[in-house]
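Beneath this line is the structure, given in C-alpha cells, with notes to follow.
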Amino acid sequence: MVALLDSLGQNIDLTHNLYPSSRRLKKMQANTPTFKNAKEELLWNRMYFSELLYSGKSEDAARGFQLLLSDKKYTDLMTSEQKGELWQLLAVCYLRTGETQNCVVNHTSQSCIIPIKPEGQHKNVYGSTKALETYNAILKEYPNDLNSRWLMNIAAMTLGKYPEAVPEKYRIPENLFAKNEGFEPFSDIAIDLKLDVDGLAGGSVIEDFNNDGNLDIFCTSYGLTDQCRLFMSNGKGGFEDKTEAAQLIGIVGGLNAKQADYDNDGFTDLIILRGAWLDKGGEWPNSLLHNNGDGTFSDVTFDAGMVNFRPTETAAWSDVDGDGLLDLFIANENNRNNDYPCELWRNNGDGTFTDIAKELGVDGNFGYVKGVNIHDFNNDGRPDIFLSILADGGSRKDGNNKLFMNRKGEGKYQIKFEDISKKAGITQPYFSFPSAVFDYNNDGFEDIYVCGFDFYRLEKCGEDAYREYAGMPVIAETPRLFKNNGNETFTDVTIEAKLNKVTYGMGLNFGDIDNDGWLDLYIGTGAFDFRTLVPNRLFRNVEGKYFEELTAKGVGHLQKGHGIAFGDLDNNGTQDMYCVMGGGYEGDNAKNVLFKNNAKPGNWICVEVQAKSVNKSAHGSKIRVNVLNKKGQKRQIYSSINSGATFGANSIRQEIGLGDADKIESIEILWEKKGSPKSVYNNVPLNSFVLLKEGSLTAEVKKLNTMDFTASKGGHNHHHH
C-alpha cells in the first residue's frame, strides 16, 4: 500500500484535482503562453495569482492582484463586479499573510479563537493592517458586500482594534456570543503537549489503542503525501509520537478515519478514507489498518479484499447481519455515470470482507454521500442505515437524504433494506453534509442532526455569518434536527431546538461537556474558499428542550474545522475535544487543537463493554443508566456504543454524564440483537470506570490514573479513581 500511495502521490491528475496548487504553479511557470491580447493575459494572470494564494504564497499573490488592479491596461477590461472580486482576493491575501505569520508560524493557545483575547492578537500586524485598509476601500465602493463587512470585523479583532476600527454601520454587534457565566471556558493545550500538528483538513480519532486505560489520538491530513500521525498517552499527562514505532510511515492522505475492533481480538483497528471531493481525480484506495496488539499496525486492505478506487470521506462500522462480526459501509461520492456506488463490506470472519451492497440494494446511485450513520432507529435489534447526501448542483439535482430500515428478508443474509426516507420525513436539508445520530432528548429513540452546506453559497460563508449575527435574514440552508417519534417517522424540531443557525458544517461530533446527561454538539465549520473564516460552534443541550450557543467559551476557532473527537483524555471525568484544523488547499494549513475541558465535573460514569452474543466491543448496542437524585427523582440516561458522528471519531468507551444523580440504581445493556434479553448491572459506584462483561452481573471497577496535563512537561500522575 505504501508503494501504491507513493506512486499515486507522485502522479496526481491536475485536471481533476484542484488542490495541489504548488504543482499547478510549476506547470504554469514552465508553460507561460504567448498572449494574443490583454484580455487573455488578464485571465491567465488571475489564475496564476490565485494559485500563488492557494499554494501558500499569499504575499506574492497580493503583489500580483495589486498589479492587476492598478494597471489601466487590465482595469479597462473589467466589469465592476470583476474588480470587486479581485479586491476581495487582494484583501484575503493580506488576511492569510497575517494568519500565516501569527497563527501558523507564531502560534499561541489563543490564536484564531474568537472573541480574540490579547494573547491571540497578531504580533506581526502587517497582514491584518493591510487587510483592514483594503476592506475599508472595498466597502466605500461596494457598501453591501457583506462578506467584506464580516472579514473587516475579523481583521480588526486580530489587531485588537475591534470595535473602534470598524465603522458602526458595518460592525457586528459586540455581544457577538451569549456569555454563559456558569461555564468555564475550554483552553487549547495542544502546543504544550506537542499535539498541534500543522496540516490540512483531516480525520481525528480518540481511542485507547493499547488497552492501558488511557486514550490516544490518531489524525490524518488531506494532502495525498501528508503522513498520518499516532500519539500515544504516556499515562502521565503527556503524549508520545509513535507514528514510526507503529509502522505507519508512508500511510498518507485521508480526509477521515473511523475505528472499530473488526476481528474481535480486543484491539481497536482503523479505516482511513481517501479521495473525497475529487470525482475522477479521487480514485484512491482506502486503508484498513489492523491493530496487531503490540504497538504496531499493518495495512491489510489488499489481504482483506477491500481495495476499491472510489472517492469517499465517510464510512460506518456495524454488524448489519447480526452474526457477531462488524461489517463496514463505505459511502462514496457518486457521479452521474454511477461510477462510484456505495459499498457494504460483510465481514467473513477470516480477515476478509465481501461487498454485498448490490445484493442488499444499498449500492444505488445516491449522489454525493457525505455522511453515513448506522443505528437501530426503531429499537427492533436490527441496525438501519441513514445517508446524508449533498446535492452538488453539478452531477445530480437530487439531494434527498436516505433512511433504509433493516428488515427480515429471504436469501443468503436474511436481510432486506426498505427505503422509508420520504415517509420518515428526513430528506432535508437539500445540501447535507456531516450528520450525527444521538438521543438528544433521552427518550430511548435515536434522533438525527444534519448540517447544511449550501453548495451555491460556499464563497459567502462570511456573508451568512454577518447576516446571522447582525440579525438580518439568512439565505443559506440551515441544519435540521429530526426528533424520532418512535414509529419510523421523525418531526423537524430545528426551530424550537434553536438550531436554525448557519453552520456550514464540515466536522461534527457530540459529547456531554458539562456532564448533565444531555448530549451537546460541536461543529467544525468552513468551506474550501479562503474567505470562509467563520467560527466553529458549540451548542449545549438544555435538558433535551433546546440548545444554547457556547461558542464564546474558548472554542470559536476561525480556521476550517474538520475531524472532531470527544474523549476524557486525562481521566478526570470531563470530556476534552481534539480537532483537526485546516482547509483543502495546500496554503490553507492550520494547527490542530486540543480543547481541555475546565468544567467542574458533575457526576459521571465511564463504561466499557465486553460482549459474547454480539461483537466483542458491543458496537451498536445501547446503554441505559437508571439514576436517582437527592430528592428521590428517577431518571434514565441513554448512550449508544459507537464513535459518534460522521466526521471525527469519539472513543468507543462510553463517557456518560449523570447530572445531579446521587446514586446509580442500575445500568442496563440493550444488546443490538433481535430478541436478546438485556443485561442488568447493580451496585455500580458513581464517578468510576467500569468494565461490564456479558454473562457477569457485577461491574468490574477499573483503577485508572487521573492525569494532570499541566504537569506533562515534567510528567507525573495524580491519584487513582
Side-chain angles (χ1 to χ4, degrees), residues 1-10 190 193-212 214-235 238-263 265-276 284-304 306-307 312-313 315 317 328 330 351 562-563 565 567 569 578-582 589 591-592 594 643 648-649 651-652:
M1 181 59 83
V2 169
L4 173 61
L5 292 172
D6 185 48
S7 122
L8 285 167
Q10 286 179 32
L193 300 180
K194 298 192 170 56
L195 295 169
D196 57 330
V197 178
D198 185 355
L200 302 175
S204 69
V205 180
I206 288 182
E207 191 53 84
D208 179 2
F209 288 110
N210 59 356
N211 297 346
D212 65 353
N214 305 313
L215 294 178
D216 313 304
I217 294 171
F218 177 82
C219 61
T220 64
S221 174
Y222 186 53
L224 192 51
T225 54
D226 295 356
Q227 176 63 49
C228 71
R229 305 286 287 274
L230 175 65
F231 298 97
M232 302 296 284
S233 168
N234 64 8
F239 288 82
E240 289 164 17
D241 187 339
K242 294 288 189 186
T243 312
E244 193 169 342
Q247 298 177 4
L248 290 169
I249 298 296
I251 301 297
V252 290
L255 192 50
N256 202 356
K258 290 276 163 189
Q259 84 280 29
D261 175 10
Y262 70 81
D263 56 353
D265 67 352
F267 287 93
T268 306
D269 315 297
L270 284 158
I271 181 93
I272 298 178
L273 304 156
R274 298 190 181 96
W284 299 342
N286 301 316
S287 276
L288 180 64
L289 300 176
H290 179 258
N291 183 340
N292 301 320
D294 59 1
T296 69
F297 286 81
S298 302
D299 190 315
V300 296
T301 323
F302 282 95
D303 299 340
M306 258 184 163
V307 176
T312 185
E313 71 180 36
W317 293 96
L328 180 68
I330 297 180
H562 279 85
L569 288 161
Y578 188 75
C579 310
V580 172
M581 311 300 294
N589 56 311
K591 302 261 192 175
N592 294 353
L594 170 56
S643 61
S651 163
I652 302 285

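Treat the numbers as computed from the prediction; the structure is a model and nothing was measured.
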Sequence neighbours left out, what passes ring pair (Phe, Tyr, Trp, His ring centres under 6.0 Å) with Phe209? Give chain and number order.
Phe297
Heavy-atom closest contact (Leu328 atom, Ala315 atom, distance)
CD1-CB, 4.0 Å
Within-4.5 Å side-chain heavy-atom neighbours: Asp261 and Asp269
yes
Taking only residues two or more places apart in sequence or in another chain, which ones pass salt bridge (charged side-chain N to carboxylate O under 4.0 Å, His left out) with Asp303?
none
Could you verify whether a donor N or O on one side chain and an acceptor N or O on the other, from Ser287 and Arg274, lie under 3.5 Å apart?
yes
Closer than 3.5 angstrom, by distance alone: can the side chain of Asn292 be matched with the main-chain N or O of Asp294 as a donor-acceptor pair?
no
Can you tell me how far CG of Asp299 sits from CD1 of Ile251, rounded to the nearest 0.5 angstrom?
4.5 Å
Is the side chain of Lys258 donor-acceptor paired with the backbone N or O of Gly648 at a distance under 3.5 Å, no angle test?
yes
Is any side-chain heavy atom of Met232 less than 4.5 Å from a side-chain heavy atom of Asp212?
no
Can you tell me if Tyr578 uses its side chain to pair, donor with acceptor, with the backbone of Leu195 under 3.5 Å?
yes
For the NE2 atom of His290 and the CG atom of Asp265, what is their distance to the nearest 0.5 Å?
4.5 Å
With rounding to the nearest 0.5 angstrom, report the CG to CD1 distance, Asn286 to Ile330.
4.5 Å
Under the side-chain contact (heavy atoms from CB on, under 4.5 Å) criterion, do Ile249 and Thr243 qualify, and how do the steps go?
CA-CA 7 Å; Ile249 298 296; Thr243 312; 4.2 Å; yes
Checking side-chain contact (heavy atoms from CB on, under 4.5 Å) for the pair Gln259/Ile652: CA distance, chi angles, key distance, verdict?
CA-CA 8 Å; Gln259 84 280 29; Ile652 302 285; 3.9 Å; yes
Output, in order, the C-alpha distance, side-chain angles, deciding distance and verdict of side-chain contact (heavy atoms from CB on, under 4.5 Å) for Val197 and Ser221.
CA-CA 10 Å; Val197 178; Ser221 174; over 6 Å; no
Closest non-hydrogen contact found for Gly203 with Thr220 is N-OG1, 2.8 Å
Does the side-chain contact (heavy atoms from CB on, under 4.5 Å) test come out yes or no for Lys242 and Asp216, once each step is laid out?
CA-CA 10 Å; Lys242 294 288 189 186; Asp216 313 304; over 6 Å; no
With heavy-atom distances below 4.5 Å as the criterion, would you say the side chains of Phe302 and Pro285 are in contact?
no
Closest non-hydrogen atom pair between Phe239 and Leu215, with its separation
CE2-O, 3.5 Å
Rounded to the nearest 0.5 Å, how far apart are CD1 of Ile271 and OH of Tyr262?
9.0 Å
Closest heavy-atom pair, Gly582 versus His562, reported as atoms and distance to 0.1 Å, is O-ND1, 3.0 Å
Identify the heavy atoms of Gly235 and Asn214 that sit nearest to each other, and give their distance.
CA-ND2, 3.5 Å
Contact summary for Val580 and Cys219, nearest pair of heavy atoms
CG2-CB, 3.9 Å
Between Glu207 (side chain only) and Ala260 (backbone N and O only), is there a donor and an acceptor less than 3.5 Å apart?
no
To the nearest 0.5 angstrom, please state how far the CD1 atom of Ile217 sits from the OG atom of Ser233.
8.5 Å
Between CG of Asp196 and CE of Met581, what distance do you get to the nearest 0.5 Å?
12.5 Å
